[in-house]
Amino acid sequence: MLSIIMEEKAQVAVIMVPFPAQGHLNQLLQLSCLISSYGIRVHYVGSATHNRQAKFRINGLNPLDIAKIHFHDLPIPAFVSPPPNPNSSIKFPAHLLPSWIASLNLRQPIAEYLREISSSMRKIIVIHDTLMAPVVQDVATVSNAESYVFNCISTFTESSRVWERIGKPFPIRLQKELPSMEGCTTDEVKEFAALRFNHLGIRAGDVYNTSRVIEGTYVDLLAREEIVGSRKVWAVGPILPFKLYSNSLHQCLEWLDKQGPKSVIYISFGTTVSMSDEEIKELALGLEQSKQNFLWVLRDADKGDVFDGEVRRAELPEGFVERTRGVGMVVRDWAPEPEILAHPSTGGFMSHCGWNSCIESITMGVPIAAWPMHSDQPRNAMFTTDILKIGILVREWTKQGELVKASMIENVVRRLMASDEGIEIRKKAEEVAAAVRMSTEAGGVSRNELDSFISHITR
Ligand SMILES: *[C@@H]1O[C@H](CO)[C@@H](O)[C@H](O)[C@H]1NC(C)=O
Ligand SMILES: *[C@@H]1O[C@H](CO)[C@@H](O)[C@H](O)[C@H]1NC(C)=O
């Protein structure tokens, strides 16, 4: 029996088509490892630079698992890789657009690649980032191929956007008004992102990195016929490896080892946010004044090509490092976020609320100080603070144009790390985490959906 199943699986190949931005490259690589652990052959396709980036920054994945993934470098034209603008009033990393536009040229090589391997396989399953829909449109011409969209976004945010786009055809109950999408991105980026709508019709189903335990209501919304027709929807997350693999012992983990339990607030705004010198100064002073332990990852946003030259090293206020010695640590390089959040000394997370960061924090039971910057982040922030109630806002999205002052930072950090309110929020975060983790274990709802997705694609 087992050998028959293995044989069936051997005739199915999965082709992963990630979107070339860190939070997306990493997710699809994790999903690749997960699917490959079911004995299915997985191909990961993209430009040489972005494949290299995905492999270079593996987070918590075992190199032995990565070695089983078949990477294919496909050609794209050279693209400019300008630095981010830390002074821009819109925080969206619009400087990445040239690399994304260049990646649209993957369509031809991917089509050829699909035709080539489809002849030797019973079935080809293409799993692509929603933004890559234009690039995989030729799936429709390969008779034994099916495509699935992997969404690197929360179903709360996605359902609210789809619901607005299709004219709010049914009521959704919310205690608070949804944050506006104003200022979340630029017009050029909107145009680029809209290219996908012409090509999503061919997909066979949708996969989300979320758990029904936290987002069941919104997964159901996205599964409504008005939205997906007869397509299937699976919520298979959170897909963190069950045991985080330590790729290297980062100095910040050693530092965390020396701090008290849950005493440290971790501050990071991901790979797509650059802050101005002024914002950095206020944040630094606010942290100092809060007198709480902190671990601050201070980096500029990625460039389109992360291997392309120097990045800005933002200045900290004079004497800051000396004055906060022993209390805080500033990290300037790549930091192992899942391991930091899983560390017993970490007790809070000041975050831009990218979905990866949110779900990592949710899974680890770390309460959030939400400071959304762009894209889906304002709504993710609403979801974590208002709906899950596992965090507080640093500032309202309506005040996005205003400088966040040191006094606001100090206040938020104290509330989260050293107040009765903070203790309540942490308790809630720990409860949610326990439920979410259980959903990924044998018999849990996320694990069941993952198994069901695997049986579906290998049917
Ligand atoms: C899913 O979410 C986890 C957080 O639990 C994140 O670390 C990971 O990158 C995501 N994985 C996939 C495959 O989306
Ligand atoms: C941003 O503004 C600061 C002054 O506020 C200036 O020194 C810096 O050069 C500017 N950076 C860019 C990339 O425009």
Side-chain angles (χ1 to χ4, degrees), residues 20-23 49-50 53 57 78-103 182-193 267-290 294 296-324 328 330-335 350-354 357 371-375 377-378 394-413:
Q22 183 57 32
T49 307
H50 296 122
Q53 178 181 344
R57 289 183 174 172
F79 55 85
V80 291
S81 179
N85 175 6
N87 299 338
S88 167
S89 60
I90 290 186
K91 288 276 182 210
F92 190 92
H95 66 289
L96 295 176
L97 198 53
S99 68
W100 299 343
I101 290 172
S103 296
E182 205 54 45
C184 283
T185 186
T186 67
D187 288 343
E188 283 102 346
V189 172
K190 262 186 231 155
E191 242 170 69
F192 172 86
I267 300 114
S268 169
F269 304 108
T271 52
T272 60
V273 172
S274 296
M275 298 180 107
S276 68
D277 294 344
E278 224 183 354
E279 289 172 313
I280 290 170
K281 183 175 143 228
E282 296 293 328
L283 174 51
L285 296 177
L287 288 175
E288 184 180 347
Q289 288 157 18
S290 79
F294 65 86
W296 180 7
V297 178
L298 175 54
R299 302 172 70 248
D300 242 19
D302 279 346
K303 297 205 278 184
D305 179 351
V306 297
F307 302 104
D308 167 27
E310 281 299 293
V311 287
R312 154 178 173 257
R313 194 184 156 90
E315 293 282 330
L316 286 164
E318 184 140 355
F320 172 78
V321 172
E322 292 70 30
R323 290 196 304 273
T324 57
V330 180
V331 173
R332 300 282 194 156
D333 59 349
W334 183 246
M350 184 179 286
S351 169
H352 63 308
C353 288
S357 296
W371 185 348
M373 301 285 183
H374 61 77
S375 305
Q377 298 158 14
V394 174
R395 64 119 168 72
E396 294 286 340
W397 181 240
T398 47
K399 304 226 170 81
Q400 55 172 299
E402 296 166 27
L403 182 68
V404 175
K405 294 284 197 188
S407 56
M408 292 165 70
I409 302 281
E410 175 189 347
N411 181 290
V412 162
V413 172

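Whatever order the structure lists them in is the order used to number ligands and atoms, beginning at 1.
Within the 4.0 angstrom cut-off, atom 4 (C) of ligand 2 has no protein heavy-atom neighbours. Of the protein's heavy atoms, none falls inside 4.0 Å of atom 9 (O) of ligand 2.
Residue-ligand proximity: P86 is placed with a non-hydrogen atom under 4.0 Å from ligand 2.
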- Message: Under the criterion salt bridge (Lys or Arg N to Asp or Glu O under 4.0 Å), I'd like the reasoning laid out for R395 against E402: C-alpha separation, chi angles, the key distance, then a yes or no.
- Response: CA-CA 9 Å; R395 64 119 168 72; E402 296 166 27; over 6 Å; no
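If you check each of N87, D277, D300 against atom 12 (C) of ligand 2, the one with the closest non-hydrogen atom is N87.
Note on ring orientation: taking the six-membered ring where Trp is involved, the planes of H50 and F79 are parallel (angle under 30°, cut-offs 30° and 60°).
Residues T272 and H374 have side chains that bring a donor and an acceptor to within less than 3.5 angstrom of each other. A donor and an acceptor atom, one from each side chain of N87 and S276, are nowhere located under 3.5 Å apart.
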